[in-house]
Structures are given as C-alpha cells and as structure tokens.
2 protein chains.
Amino acid sequence: MHPLFNYIKEYASTSISEEDFDIFLSHFIKKKIRKKQYLLEDGEICKYFAFIVKGAMRKYYIDEKGIEHIVNLYIENWWAGDRESFVMSTPSIYHIDAWEDCEVLLITRESVLELTQQFPAFNELLLKLDERNNIATQRRITSSISFTAEKRYADFVDCHPYFLHRFPQHIIASYLGITKDTLSQVRRKAFKK
Amino acid sequence: MHPLFNYIKEYASTSISEEDFDIFLSHFIKKKIRKKQYLLEDGEICKYFAFIVKGAMRKYYIDEKGIEHIVNLYIENWWAGDRESFVMSTPSIYHIDAWEDCEVLLITRESVLELTQQFPAFNELLLKLDERNNIATQRRITSSISFTAEKRYADFVDCHPYFLHRFPQHIIASYLGITKDTLSQVRRKAFKK
DNA sequence: ATATTTCGTAGACATTTGTCTACGTTTTTT
DNA sequence: AAAAAACGTAGACAAATGTCTACGAAATAT
C-alpha cells in the first residue's frame, strides 16, 4: 500500500477508502530531490509542504557570519516545510535541503485546505500532528534553556536514536545549539564515565 | 461583553450566538488564583487548561539543583497549561503559578472535546492557536540555538514588549535561558552602544 | 586507482556565560 | 513606621562553550 495511506491509517482514528485515496493523492505532486538540492531557500515563500516518502532532509537558518544552524531534521514519514511562511505567505528565513536523495510528495496550502474539508481523516491527522509538534517543541525549549550541552545530547540520543545513523555529528551538534568541537568534547567526557 | 466571547470573535471567522454562549461558558469553571498559588505542580496531571481573564502566570521547570527555568509567561487572553500532561494524562514536569492575582476560566479535556464538536468557532480557534503556537515556538528555538544572549534579549523586547512591565528581569532572563547577572551585563553593554 | 571532500578528534587559546558575594534601592509584609 | 523580602547591579573569579588550526580516517567524486 502507499506509504501516505498507511501513515494516515496509523495516525487517524478514521481512514480514507481505497477508491477515494486516488482523488486524495492527486492533490500531491510526486518529486525526487537529490542530495544537496533545495526544497526551500531563504527569502522564498514556502509554497509546498513535503511529505518525505524516502530520504532525509534538514531545515536550517544561516546567520550573519554564514554559519548554519540546524532547526529541524526530517526522515521518512515526516513533513518538511516552514509553517510560518506557508501559512502567512511571507518570505522564509530558512533553507530546507536534502541530506540524502529523497522522494517527496508536495502539497500546496490550497490543497491542504481542500483536503481537510473533504477528508475528515486528513483533518484529524493534521490536528494530531500539530499537537505532537507542540509537545515536542515544548520539550526542546525546556531542554534548551535548562540543560547543559552534555544533558541535551544525552536527551537527544534517548529521544531520537533514529537520527544518529542518518546524520553526522556536526549536524546533530548544530541541532543542539553547540559546535561540533564541543559535542566531541562532551562525548569524550561522557564516555569516560 | 465577556472577555472569552470577544476573544473567540476576534480569532475565529465564525462566532457563537449570544444565547449559545451561556451553554458554552457553563463548561468553564471560574476561579481566582492568588499570587504565588499554583495552577499545576510538578508530578500532578494537568487536569485543566486555564484561560486567563486577568492577571499573569508563569510555567517553569525546576532542575536537580533546585533552579527554576521559565518555560512560558502568560498574561490576559493567553491559555496556561501543560499540553503534554493534559493530552496524555501523564504527570507534568512543570509548575504553573500566578505571578499576579489572577482570574481564570478552567476547562477539562473532556469539555474541550465536547465544545469542539458543538461549536465550530471554538474548534477553529483551537486550530489557529496551535498554528500560532507552532510558529512562535519555532522562532524561539531558532533564537535559542542561533543567537547570543544579547540578541535573544533584543529579540524578546521586540516580540514581547508587553511582558516587560509585567515580569521582573530575573524572570525574563530565565525565560531566555540565561541568569539575571548575565542579563544585567548584556543590558549594560547594549545601553553603551 | 587517485584525488578530493567530509568527518571526527585534539589541543591551545579566547569569549561568553555562570557563580558567588555584596550592596543599595524598591517593594511588600508585619 | 519598621522589618523583611525582592530586585537590579557590580566585580572577581570559575566553568562552559566557541574559535582556530591541524591531522588522520573515512566517504565520495573524478
């Protein structure tokens, strides 16, 4: 079965019939994004959200010094995009690119609104995603303001072990708000214990 | 008119009729919470979300050293609660208390679910709040992992000027993930410019 | 197969931020 | 009105984290 179909089935209490699913799917644009290619660039408006069927992506902010700060990491069955830009149609401050070759399903804001009207299961899915996202970001903020680099890393390993094989350490360091050098130190210290 | 009625009118595209509003309001428990009293304590399950009619509250995490880390600040027309605990019925790791004497409207998870069924305007409101919250927390995370203390404070002053008169500096420092001493330094430096 | 890039680690040093103590002012409580 | 608590600032010092350079190993491109 189609990965998006399974995904909805898993997350929503109701489902979409197999006949309807063709209509549902017709709102998505299938696309391959090769490693290092962009889904979104700084200054653009985020026209599409991407459901990742296969591959890995990252969202990051580039500061005045030109340093990348990883805001989000995504793998299969995650949605990549900048919500603020997508909803408000304002220029994004983020870049999103493929860390591995990707297969994605793109959808516009208009299609999202249509599909939520038409398919209650999809509406329910989006609500749950928002809820989960709110909970997850709250945890991340708590970690960010309360913990040392060492604890933040330990927490990350606990909560997102699946990212460890997909992204190198300097990317994870950036996600945690530290440099690769500091993460290296932290790991050495933690290992000694 | 009732503050919650105005609030819904402002945020949702549809509204609730004045007769229905009595029914709507009957799901809320009106309560006064005096300064320093708790809405939620560490280890409890968050049974109620609170709509703040009047006053100011804060949510914080207490670490092993006993230090408070401010996770959220709330004033009039904000919702206070721990979403994770509220939704999953798990013990919260946060404290929420009143920073000023408060008037709040409490609502249970069950009532939320009922009201979203019964009042499309309320459902729409909650969706928008989640959306806004997602956008806001994303910004906060970006600030937290990318900016120096000085920039984070400047950003805070820009985005939340209404908090400046309601909460003292050491609370704002904690919200930004720094100590009161560091915030004091940062402000001195910024002033010299 | 070779060259190039990416990656993780290391150490020396700089900068930022935290810790602690102290003090004067303001606010709150008694 | 007096006492106590809360608040902001300051300075000396400590700890955490960042910056930079270098190097070898691994992965990738040519």
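Proteins come first, then strands; the chains are lettered A, B, ... in the order of their sequence lines, and each starts at number 1. Basis for what follows: all heavy atoms, side chains included, without hydrogens, waters or symmetry-related copies.
Residues A:His95 and A:Glu68 fail the side-chain proximity criterion, which asks for heavy atoms closer than 4.5 Å. Side-chain contact between B:Arg139 and B:Asp155 is absent, with no heavy atoms from C-beta onward closer than 4.5 Å.
Below 30°, between 30° and 60°, or above 60°: for A:Tyr7 and A:Tyr11 the angle between ring planes is between 30° and 60°, a tilted geometry. By the 30° and 60° cut-offs, the orientation of the rings of A:Phe122 relative to A:Phe28 is perpendicular.
Rounding to whole angstrom units, NZ of residue A:Lys189 and P of C:dT9 are separated by 14 Å. Across the protein-nucleic acid pair, A:Trp99 atom CH2 and C:dT6 atom P stand 9 Å apart, rounded to whole Å. The distance from atom NE2 of B:His170 to atom P of C:dG18 is 15 Å, rounded to the nearest whole Å. With rounding to whole Å, A:Lys36 atom NZ is found 10 Å from C:dT5 atom P. In this structure, CD1 of A:Ile178 is placed 15 Å from C1' of C:dT16, rounded to the nearest angstrom. At whole-Å resolution of the value, CD in B:Gln169 and P in C:dT25 are 17 Å apart. Per the geometry, CZ belonging to B:Arg34 stands 14 Å off P belonging to C:dT28, to the nearest Å. Atom CZ in A:Phe167 sits roughly 17 Å away from atom P in C:dT6 (whole-Å rounding).
Take the nearest nucleotide of DNA chain C for B:Thr179 and for B:Lys35: the residue whose nucleotide is more 5' is B:Thr179. In terms of position on DNA chain C, the residue among B:Lys180 and B:Val186 whose nearest nucleotide sits closer to the 5' end is B:Val186. Of the two residues contacting DNA chain D, namely A:Arg152 and B:Ser184, the nearest-nucleotide position lying further toward the 5' end is that of B:Ser184.
Relative to the ring axis of A:Tyr175, A:Arg58 does not place its NZ or CZ within 45° and under 6.0 Å from the centre.
Shown here are the side chain to side chain donor-acceptor pair (under 3.5 Å) partners of A:Ser26, two or more places apart in sequence or in another chain: there are none.
Counting any heavy atom pair closer than 4.0 Å across all strands shown, B:Lys151 reaches no nucleic acid atom.
The footprint of chain A on DNA chain D, defined by a heavy-atom cutoff below 4.0 Å, extends from D:dT17 to D:dC20.
Not one side-chain nitrogen or oxygen of A:Gln185 sits closer than 4.0 Å to the OP1 or OP2 atom of C:dG8.
Using a 4.0 Å cut-off between charged nitrogen and carboxylate oxygen, A:Lys30 and A:Glu103 do not count as a salt-bridge pair.
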